Structure formats: structure tokens, C-alpha cells
Amino acid sequence: MNNDTPTAGNFIRNMIAQDVASNKHDGRVYTRFPPEPNGYLHIGHAKSICLNFGLAQQYNGNCNLRFDDTNPEKESEEYMRSIQEDVSWLGFNWTELHYASDYFEALYQFALELIDKKLAYVDSLSADQMREYRGTLTEAGKSSPHRDRPVAENRDLFKRMKNGEFADGEHALRARIDMSSPNLNMRDPVLYRIRHVEHYRTGNKWCIYPMYDYTHCLSDALEHITHSLCTLEFEDHRPLYDWVLDNVSAPSRPEQTEFSRLNLQYTVLSKRKLIQLVEQGHVSGWDDPRMPTISGIRRRGYTPAAVRDFCERIGVTKKNSTVDMSLLENSLREDLNPIARRAMAVLKPLKLVITNYPKDKSEKLTARNHPKDESFGTRELRLTRELYVDHDDFMEDPPRKFFRLGPGREVRLRYGYCITCNEVIKDDAGNVIELHCTYDPETGGGQTPDGRKVKGIIHWVSADDAVDAEIRLYDRLFNVENPLQGDDYIEHLNPESLTVISNAKLEPSLAEANTETPYQFERVGFFTPDSVDHTSDAPVFNRTVTLRDSWAKQKNR
Ligand code: ATP
Ligand code: MG
């Protein structure tokens, strides 16, 4: 990112700068990114990744990747692997890789410590009873009859919970804090529950699993994290985070700070919702290029630099807000423009015959691969008598300001001659199927000998050399700004989010395109070969982003 890019504030960066200056945490900066492996990462996670890894980089600190894997029902190896791939793709290296499940034994020992201090007890109320006893925001809770169990009995029961002697839900370990606390999270929260479920890493070794609030702070402490950054919904959990650390012999004292989640218009950023789209078949998978997942946008052709730039621009605040999708797309266009090779592709082919160009003749024209950067070099395009141009570049009855083809109108072929349209060929139904034009041999090399003005330049592909391709055009996944407002977000799926063009015509060099190499199809948009389906025999390109923000234009109309 260049220095004059306007950036939103980042209060956490300022806070850390002060902490470093005052030598808090011995001047160390140690952060972590702690995803639960219960789905693929999305752009919201990218905000957290850029924040945590970015701060560590900036202050010469460390950042761990930690899987918060304490819910065996929903987690899997596949998700765990995809998360590592996505973090790496974004350009970050973790200092250490950890799994909360590696701490199960240590967490168990801390729980015994709480029991010995009379700060935890085994409760035998059912989940429903516990809820009933908890009280409400306006009403204090009441104590469980098991709250004052003797230490020895708690120890014994907890050990037997661990040994699998009880069924799911029969007992739970609870912290003994304050049943009348105004903060419901402090009313003797559950620390451990019994779940006879196989875990993707620990198998059947454990049948008691620690709760998030208990696990998270201790995992942070075990890794000597200094700044534990999380989203705002955990603000009310911070007293519990601190309580646990204050009451066990934790090896270090991390501090939690909350920031607002990223919400993006026209999409949903929640693994739970995204899973539904995948499982119900509304998209082709987690990496469907319409998905706001990291794997989806990668397949679509997004670059890591664009995502990082976007995260820098949105800043970090305590205020929840929804960001316009066009901001993300602008970061992408800015990143792609200097790095995308130019090429010509015709999405809606219309045959054009240059009637005064000899059948057996062809010419090699030199085209620049990038208009501004000479290091991209040049390539040769063959001009032949028969070409394809885009249907949208012709109008039978064009308005005056349409600087493209129409009967009697003259335009320049990109890198080539000026041509004039003389005849429009139609099929029986009256559809235009071919244009007959003549070229002016004096207009090569960008010249017009008599100084006449030819405003329009159109792109084209030689009909002799053209390679057939499939092009996938993507639009917003949802057709309302906030799909989650209302009863069922599925109803707001945009039925036109994918348009497949099966008969596009490409200049031949594009058949050799590598996946992940971005192109700008001149005058059309940015395109990237599909990483799954593209082959040189059957090219498939994804539209990564349009050249301009067409939605903004529509809104202003
Ligand atoms: P989801 O609701 O999508 O499942 P989550 O918060 O449950 O998200 P985690 O795997 O627990 O997902 O998230 C890992 C980290 O990423 C957490 O620190 C979380 O706060 C952060 N995070 C998740 N979603 C967002 C978001 N939209 N904006 C910023 N940070 C996010
Ligand atoms: Mg979660």
C-alpha cells in the first residue's frame, strides 16, 4: 500500500504502541489468530488475521495460529487444513501452530486447582434446570443444591466424569462465582460438559470437553500471548476471562481487547450460514467463486495483496458497521491493474468479414502486454479477413455518442486498421449474424492519413485463430444489502449471481494461461483462469471483477 492511501483508524495499534512504550508485558507483543475448525475462513476472518499478524510484524513480535477445537461435533481435519492454507495464502507465517485440544490435560489440571480452591464444583442439575436457576437480567439467580459439595466429592465426581462413568448431561463442572452478578456470564458458568463424541484429533481419549470461555484465556496464557484480540460479542465475557486467569496458577497474564466484526453488504459472513449454502447446494462448494470465503475469492482471482489492502483501509474500531462491497472491489482493481496482462477476448461473438482483405492474406500485429509496464513485453496477433467482435460493439441504429460500429460507421480495430461497416447480415428471424466491413490500408500503426477523427477502438479476435472458451460472470450472491434482515436469508439469493458464457472467443495465447495469473481482457474486465476447471484444451475463465463499479452506476441512475 502506498503512503497516501487514506486509512481508517486502528485503536488497537495505538494501544499496543503505548504498551510497548511503557514496557507493559516486558515490551513484548504476542498475538494469536484462534479459529474454530468448523468451516472455511471468510473475509471477516481476514480482518482478524491481518490485525493479529500485522501487529506482530509491525512490533517485531510473534503471532500464533491456534485451533480452538473444543467442539468435537462440528470440527474436522478438512477445515483445519483449509484454514492453514488460507492464512498462508494471505501471506502470513505463524510463529507456532497450536491446538486447544493439545491443552486438554493442562486444562484438566487447572480445573482441579479451581476445585481445590472451592472455586469450582460438579453440578448435577439438568441443562433446563440450570437455565431456570440462572435467573434473568432483572432477577438474581439461585444457587444449585450442589454448589457446596465438599472438595473431595467434587474431585471424585470430576475424575469419574473424565473416566466416562456418566452419560452426556448428567453432570457438569461449574465455576463458583456469583449467582447474583449483573453479568449473566458470571453466574457460575459451566467450565466442562460431558460429550461422548469422537474428536478429530484426540479420538475417544476425552469425553469431557472444556467450554470456550475457560479454554480461551488459559490457551492464551499457556502460549504467553500478550494481546488477545477478539470481536465485540466477547466483551461481556471479559470478566470471566480475567476471573479464570486470576484464580489459577497461569504462566502468564494476557489481556483481552475487543473490536467490531466486519460485515459486508450483499453477502453473509458467518460460517454457520455459509455451511448451509454449501450443504443445500446453493453454491458449488466452499470455494465457489461467489462465496465470501478466502478459498472462494482466491478461486475467483482475488489477490492476497488486495485483501490486505482492504483490511487496512477499513480500519479497526469498536463500532459495528457494514462495509460496501465496492470497497473490496476497488482494492482489487488497484492491485490488479499494474499486474494483469492484457489480452483480447470476445464474450458475445459476432462474425465480421473485411470484404476488401484478401482471403489468403494475414498480417502480424504487435500488441503490448501492458500499456504502462514495458517489462510485460509484446506479443503478435494475426489479423485475418474474418474476425469476431463483440455484439455489444454494434448497434443497428446507434445514437450519436455511440463510438462503436453501426451501418456506415468507422472504428479502429485495436492495434490494427480502421474499418467501416457497409452491410449487416441477418438470419430469417431478423437477428444480426454477420457484419461486412472494408478496411482502409492507409490507417495501420494508429495513423489516419487525412487526419480524420476515428473515436472508437474495438477489440477483436481472428476467426481463424480464436480459441473457444467458457467464461463465468459473477454478480452479488444476494440481491439485498443485508440478507440477514428478515426471516430467511436464502430467499434473498440473487438468481443471477452466475452467468455462464459457453462460446466466448479468445486470442490463442490465453489457452496457455496459468491458473492464478490475472488478465485484463481489454475493455471487458479482469479475468483469471479457473483453478479447478481450466485446461488449455478447454479454457475456463472467471470474471474476477469488472473494470468499473457497475452497481454504483445503477444506484445513481
Ligand atoms: P463465524 O460466526 O463465522 O463462525 P466465529 O467468530 O465463530 O465466526 P472463529 O473461528 O471463532 O469464528 O473466529 C476466529 C477469529 O476470527 C475470532 O477471533 C473472531 O473474533 C474473528 N472473526 C470471525 N468473524 C469475524 C468478522 N466478521 N470480522 C472480524 N473478525 C472476525
Ligand atoms: Mg465461533
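Ligands are counted one by one from 1 in listed order, and the atoms in each one are counted from 1 as well. On a predicted model such as this, the values are computed, not experimentally measured, just so you know. Counting begins at 1 with the first residue of the sequence.
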Which ligand 1 atoms does [X] reach within 4.0 Å, using its non-hydrogen atoms?
| X | answer |
| --- | --- |
| Thr231 | 19 (C), 20 (O), 29 (C), 30 (N), 31 (C) |
| Lys271 | 1 (P), 3 (O), 4 (O), 8 (O), 9 (P), 10 (O), 12 (O) |
| Phe33 | 14 (C), 15 (C), 16 (O) |
| Ser270 | 3 (O) |
| Pro34 | 14 (C), 18 (O) |
| Pro35 | 10 (O), 14 (C) |

Please determine whether a side-chain nitrogen of the Lys or Arg among [X] and [Y] lies less than 4.0 Å from a carboxylate oxygen of the Asp or Glu.
| X | Y | value |
| --- | --- | --- |
| Arg160 | Glu170 | no |
| Glu223 | Arg66 | yes |
| Arg261 | Glu233 | yes |
| Asp335 | Arg308 | no |

- Message: My understanding is that we take every heavy atom of each candidate and find the minimum distance to atom 25 (C) of ligand 1. Doing that for Cys50, Gly44, Cys230, Ser260, which one comes out nearest?
- Response: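 The option holding the nearest heavy atom is Gly44.
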Between [X] and ligand 1, is there a nitrogen or oxygen pair with a distance under 3.5 Å?
| X | value |
| --- | --- |
| Glu36 | yes |
| Arg261 | yes |
| His45 | yes |
| Asn38 | no |
| His42 | yes |
| Arg32 | no |

- Message: Treating Arg28 as the side-chain partner and His224 as the backbone partner, does any N or O pair qualify as donor plus acceptor under 3.5 Å?
- Response: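 Answer holds: yes.
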- Query: Of the non-hydrogen atoms in Cys63 and Ala56, which two are nearest, and what is the gap between them?
  - Reply: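 Here Cys63 and Ala56 meet closest at CB-CB, 3.8 Å.
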Which side-chain N or O atoms in residues 285-292 pair as donor and acceptor under 3.5 Å with protein atoms at least two apart or in another chain?
from: Asp287; atom 1: OD1; to: Arg299; atom 2: NH1; distance (Å): 3.4
from: Asp288; atom 1: OD1; to: Arg290; atom 2: N; distance (Å): 2.9
from: Asp288; atom 1: OD1; to: Arg290; atom 2: NE; distance (Å): 3.0
from: Asp288; atom 1: OD2; to: Ser284; atom 2: N; distance (Å): 2.8
from: Asp288; atom 1: OD2; to: Ser284; atom 2: OG; distance (Å): 3.1
from: Asp288; atom 1: OD2; to: Arg290; atom 2: NH2; distance (Å): 2.9
from: Arg290; atom 1: NH1; to: Ser497; atom 2: OG; distance (Å): 2.9

- Message: What's the separation between atom CG in Asp213 and atom OH in Tyr241, rounded to the nearest 0.5 Å?
- Response: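 Output value for this atom pair is 11.0 Å.
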- Message: Here's a test for you: under ring-ring contact (aromatic ring centres under 6.0 Å, His included), which of Tyr108, Trp206, Phe110, Tyr214 qualifies with Tyr192?
- Response: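 So the option named by the test is Tyr214.
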- At a 4.0 Å cut-off, with the gap strictly under it, does some heavy atom of Phe234 reach an atom of ligand 1?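 Checking ligand 1 against Phe234, which is what was asked, there is no heavy-atom contact under 4.0 Å.
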